Amino acid sequence: MTNEQWHGPIGDPRINAVIARMHGARQRPPGGGPRGSFNSRDPHAYVEQGFSIHPEQGELIYMLCRGLRATRVAEFATSVGMSTLYFAAAMRDNGGGIVIGSEIVPAKVETARRNLAEAGLSDYAEIREGDARKTLRDLGGPVDFILIDGWPREDGPSLAREVIEIVAPQLLVGGYVMNDNAEPDYLAFIRDPGNGFVSMTLPLKGGTELSLKVR
């Protein structure tokens, strides 16, 4: 993906150059990474890999945040900061705001901060290092949009399910949640009308769940 071949909603060439570089460097470890049957599911084992959303997902995040005039958003997990760039760009272009991210791997926190600095977006992001079930428990006020791009586990409830239960009460009515990995127990929560959302699956990256909080 080069700037000459690709057109997207972000008009800042500095940001687009960082996104293009990161997308070009995207790599997965042999065996499918943490979702492979025999590979480690320890996030610290993948310091060199940025498991990130795809650009089309990021462009949708940017446009929805612009349409909402969002000023406060959150994400799990930040990884190396691909999604953070789209959120932070929207915050800047909306006139100011903050994306609150959570990442458990210290080296990835530092990489994400470098990417944000290179794009000129450091002032619009707060990356909290640690377990998202703790770092996102108090977002300091309501948010307009949340990305949940969770990490696979061996057993028990998915991290996506645990995190949505923590952050859903902090999302404004009229706000969106995007989920990247379609964890079954996450989908059961977000598609249950009793939890206050309406939801649909988008044909992005093999299936992206987009949900609107209606009450």
Side-chain angles (χ1 to χ4, degrees), residues 1-26 50-103 108 111-128 136 139 142-150 164 167 170-172 174-181 190 197 199-213:
M1 181 180 69
T2 68
N3 289 339
E4 290 75 25
Q5 296 170 329
W6 168 80
H7 172 74
I10 298 175
D12 188 330
R14 183 178 179 184
I15 299 172
N16 288 331
V18 178
I19 291 171
R21 173 182 59 74
M22 293 173 66
H23 184 67
R26 185 190 299 270
F51 298 100
S52 303
I53 62 168
H54 286 189
E56 61 268 24
Q57 294 169 300
E59 291 166 12
L60 180 58
I61 285 171
Y62 175 85
M63 292 184 69
L64 288 172
C65 286
R66 292 299 309 277
L68 286 169
R69 300 190 178 186
T71 58
R72 302 187 75 255
V73 298
E75 64 172 9
F76 159 65
T78 293
S79 187
V80 295
M82 177 73 86
S83 53
T84 325
L85 288 168
Y86 287 99
F87 276 124
M91 299 302 97
R92 186 197 67 177
D93 294 346
N94 279 347
I98 194 76
V99 48
I100 300 168
S102 180
E103 173 55 50
K108 289 188 175 182
T111 299
R113 288 173 176 159
R114 287 197 302 271
N115 289 328
L116 286 159
E118 184 180 339
L121 294 172
S122 297
D123 290 343
Y124 304 94
E126 174 192 336
I127 303 175
R128 300 177 178 179
L136 301 184
L139 295 172
V143 294
D144 302 289
F145 198 114
I146 300 168
L147 171 67
I148 296 183
D149 184 5
I164 188 60
V167 298
Q170 303 178 75
L171 182 68
L172 289 165
Y176 289 99
V177 182
M178 182 183 288
N179 168 256
D180 186 41
N181 293 314
I190 209 74
F197 290 89
S199 193
M200 66 181 295
T201 304
L202 304 176
L204 301 176
K205 198 185 174 185
T208 297
E209 195 76 5
L210 182 66
S211 310
L212 172 69
K213 187 172 181 178

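All of these numbers come straight from a predicted model, not from anything done at the bench.
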Run the numbers on Thr208 and Glu56 for side-chain contact (heavy atoms from CB on, under 4.5 Å), then give the verdict.
-> CA-CA 11 Å; Thr208 297; Glu56 61 268 24; over 6 Å; no
Step-by-step side-chain contact (heavy atoms from CB on, under 4.5 Å) determination, Thr78 to Lys108 | CA-CA 8 Å; Thr78 293; Lys108 289 188 175 182; over 6 Å; no
What do the steps show when you test Val167 against Ile148 for side-chain contact (heavy atoms from CB on, under 4.5 Å), and what is the final call?
-> CA-CA 10 Å; Val167 298; Ile148 296 183; 4.2 Å; yes
Can you list the steps and then say if Ile19 with Met22 is a side-chain contact (heavy atoms from CB on, under 4.5 Å)?
-> CA-CA 5 Å; Ile19 291 171; Met22 293 173 66; 5.7 Å; no
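Annotation for Leu85 and Leu121: closest pair O-CD1, 3.7 Å, computed over non-hydrogen atoms. For Asp180 against Lys205, the heavy-atom pair with the smallest separation is OD2-NZ, 2.8 Å. When all heavy atoms are compared, the tightest approach of Ala117 to Ser122 is CA-OG, 3.2 Å. Between Asn16 and Ile10, the shortest heavy-atom contact is ND2-O, 2.9 Å. Considering every non-hydrogen atom in both Ala77 and Glu103, the closest pair reads CB-OE1, 3.7 Å. Nearest heavy atom pair, residue Arg26 against residue Ser52, reads NH1-O, 3.0 Å.
For Ala125, the side-chain contact (heavy atoms from CB on, under 4.5 Å) partners two or more places apart in sequence, or in a different chain, are Thr84, Val99, Leu116. Ser199 pairs by the side-chain contact (heavy atoms from CB on, under 4.5 Å) definition with Ile190, Arg191, Glu209, Ser211, not counting sequence neighbours.
By the 4.5 Å heavy-atom criterion applied to side chains, Lys213 and Val177 are not counted as neighbours. Contact check for Leu147 versus Gln57: no side-chain heavy atoms found under the 4.5 Å cut-off. Inter-residue side-chain proximity for Met200 and Leu202 is flagged as met; some heavy-atom pair is nearer than 4.5 Å. Considering only heavy atoms from C-beta on, Met91 comes within 4.5 Å of Val73 through its side chain. Counting heavy atoms from C-beta outward, Leu210 and Leu204 have side chains that stay 4.5 Å or more apart. Between Ile53 and Met178 there is no side-chain heavy-atom pair separated by less than 4.5 Å. Side-chain contact between Glu75 and Ile127 is absent, with no heavy atoms from C-beta onward closer than 4.5 Å.
Between Phe145 and Tyr176, the ring-plane angle classifies as tilted under the 30° and 60° cut-offs.
Separating the CG atom in Asn115 from the CD1 atom in Ile15 is a distance of 12.5 Å, to the nearest 0.5 Å. Atom CG in Leu64 sits 11.5 Å away from atom CG in Asp144 (nearest 0.5 Å). Of the inter-residue distances, the one linking Asn94 atom CG with Leu68 atom CG reads 8.5 Å to the nearest 0.5 angstrom. Note that OG of Ser102 is 10.5 Å distant from CD of Glu126, once rounded to the nearest 0.5 Å. One finds the NE2 atom of His54 at 8.5 Å from the CE atom of Met82 (value rounded to the nearest 0.5 Å).
No side-chain donor-acceptor contact under 3.5 Å links Arg92 to the backbone of Gly120. No donor-acceptor distance shorter than 3.5 angstrom exists from the side chain of Arg128 to the backbone of Leu136, with no hydrogens or angles considered.
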